[in-house]
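Shown next, in structure tokens, is the structure this report addresses.
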Amino acid sequence: MSAQARTIDLPAPDDLARELATRLPAFQDVSWTGSTGSTNADLLARARAGAGGKPWLLGTHLQETGRGRAGRPWQNRSGANLMFSCAFDVHLPAAQLPALSPLAGVAACEALRAVAGPESAGLCMKWPNDVQWHDAKLAGVLVETTRNPGGPDAGYTVVIGMGVNLRDAERLSAELGRDVADWSQVQGRAASAADLVCASATAWHEAVRELQRAGFGAFRQRFGQVDALAGRKVNVLDKGAILLSGTACGVDDHGRLLVQTPEGAQPILVGEISIRRQA
């Protein structure tokens, strides 16, 4: 199949919203807009206002103020990226909330593999949740939580947002100075925008429920099947400074990356930390 045949065109926002609503009956509200500031921010604001009836899904053709982890801006143009967020109610201790970040990455990678088909082994996940095509970033995932109004028993809203590059890999790679992938490069069967959104939203919904039932330990084996860093030499960086170096060796039961050093396996917390493979 040629790269051109795998290029995904976005339907009109209203048409895409209608198809998604039909295919996602568990979602109580499904919307898609031509543009917005940030789909994550929009859903967080709605949750903080006390709106109920989750799960929700909100997508857009263009994000004016989209952002990734650590507040980094998300580069996008209409038609070149698939951008959407989902909101779920969760009842977890605050100490378990960081596990939602790698959980979302695992579920997204598994979902995209399922859409792409049996030749999708090149789809993998770089902790905490970047989805890659081999060593090039294909999709960014941003997980944010807010406490629901109504006291501790009301739990939290988790908003999981993802931006998938549909095209522009060559241009983005040149502009950003690092390898970037887009969906046209993924080897696999043809897919529509709705296929990618429905697979990811459903996977997140199921994963969040499983996390509440069984904890992140239930996902460690699944993480290992998509882990882009396993057995590789890495530097752990914080704001450009190297905190430690070692060999990535999976995650623990809290979703923390484990880096093997001469002092033993060191757990790395989800946060403003990036992983860079050593030269």
Side-chain angles (χ1 to χ4, degrees), residues 69 86 88-116 118 120-135 137-145 155-156 158-162 199-238 243-278:
R69 286 188 302 114
C86 296
F88 307 97
D89 281 321
V90 296
H91 292 83
L92 290 168
Q96 292 186 29
L97 295 178
L100 288 162
S101 188
L103 175 89
V106 170
C109 189
E110 291 175 338
L112 296 182
R113 280 186 174 185
V115 172
S120 61
L123 286 167
C124 54
M125 194 198 85
K126 176 187 169 189
W127 184 93
N129 53 31
D130 281 347
V131 179
Q132 299 186 158
W133 175 243
H134 298 287
D135 281 339
K137 183 173 177 178
L138 172 71
V141 178
L142 178 63
V143 178
E144 299 177 282
T145 58
Y156 297 86
V158 56
V159 175
I160 306 173
M162 183 162 70
S200 302
T202 300
W204 288 334
H205 193 195
E206 294 172 351
V208 167
R209 289 185 293 183
E210 180 65 16
L211 179 68
Q212 294 177 98
R213 286 194 299 265
F216 190 84
F219 290 86
R220 288 184 70 181
Q221 183 177 1
R222 290 166 62 176
F223 180 95
Q225 292 173 349
V226 299
D227 187 3
L229 295 175
R232 302 178 77 167
K233 300 292 185 182
V234 298
N235 292 328
V236 180
L237 306 171
D238 185 12
L243 300 182
L244 60 86
S245 299
T247 302
C249 54
V251 290
D252 65 10
D253 284 345
H254 303 286
R256 299 177 297 185
L257 178 70
L258 297 175
V259 178
Q260 188 66 42
T261 71
E263 292 75 34
Q266 305 294 317
I268 308 302
L269 294 171
V270 173
E272 295 183 18
I273 300 173
S274 60
I275 309 298
R276 295 288 183 264
R277 286 172 287 280
Q278 295 175 338

Review point. When rounded to the nearest 0.5 angstrom, what is the spacing between CG in N129 and SG in C109?
Key: 11.0 Å
Check your understanding: How far apart are the closest heavy atoms of A108 and M162, and which atoms are they?
Key -> CB-SD, 3.8 Å
Just distance, no hydrogens or angles: give the donor-acceptor pairs under 3.5 Å from side chains in residues 203-211, sequence neighbours left out.
from, atom 1, to, atom 2, distance (Å)
W204, NE1, A104, O, 3.1
E210, OE1, R213, NE, 3.3
E210, OE1, R213, NH2, 2.7

Review point. Say you draw a straight line from CE of M125 to CZ of R222; how long is it, rounded to the nearest 0.5 Å?
Key: 11.5 Å
Revision key, fill the gap. Here the pair of heavy atoms bringing F223 nearest to V251 is CZ-CG1, 3.4 Å
Exercise for review: Check for a donor-acceptor pair, side chain of D252 on one end and backbone N or O of H254 on the other, with a separation under 3.5 Å.
Suggested key: yes
Exercise for review: Please report the closest heavy-atom contact between C86 and A201, naming both atoms and the distance.
Suggested key: SG-CB, 3.7 Å
Exercise for review: Under the side-chain contact (heavy atoms from CB on, under 4.5 Å) rule, what do L123 and W133 come out as? Steps first, then yes or no, please.
Suggested key: CA-CA 5 Å; L123 286 167; W133 175 243; 3.8 Å; yes
Exercise for review: Could you tell me whether the side chain of Q132 reaches within less than 4.5 Å of the side chain of L138, counting heavy atoms only?
Suggested key: no
Review point. Does some side-chain heavy atom of V226 sit less than 4.5 Å from a side-chain heavy atom of R113?
Key: yes
Exercise for review: Calculate, to the nearest 0.5 Å, the distance between atoms OG and CD belonging to S120 and E110 respectively.
Suggested key: 11.0 Å
**Study point:** Side chain Q212, main chain H91, donor-acceptor under 3.5 Å
**Key:** yes
Review point. What is the distance from atom CD1 of I160 to atom OG1 of T145, rounded to the nearest 0.5 Å?
Key: 10.5 Å
Point to revise | L103 side, atom CG; F216 side, atom CZ - distance, nearest 0.5 Å | key: 6.5 Å
**Study point:** Q266 and its side-chain contact (heavy atoms from CB on, under 4.5 Å) partner, picked from L258, L244, L243
**Key:** L244
Review point. Which atom names give the shortest non-hydrogen contact between V115 and A199, and what distance separates them?
Key: CG2-CB, 3.5 Å
Point to revise | Listed partners of A114 passing side chain to side chain contact (heavy atoms under 4.5 Å, CB included), at least two apart | key: none
Exercise for review: Take I268 and R256 through the side-chain contact (heavy atoms from CB on, under 4.5 Å) test and state the conclusion after the steps.
Suggested key: CA-CA 5 Å; I268 308 302; R256 299 177 297 185; 5.7 Å; no
Exercise for review: State the CG-NZ distance between L257 and K126, to the nearest 0.5 angstrom.
Suggested key: 11.0 Å
**Study point:** H134: partners by side chain to side chain contact (heavy atoms under 4.5 Å, CB included), with sequence neighbours left out
**Key:** none
Check your understanding: What heavy-atom pair brings D253 and G217 nearest, and what distance separates the two atoms?
Key -> OD1-CA, 3.4 Å
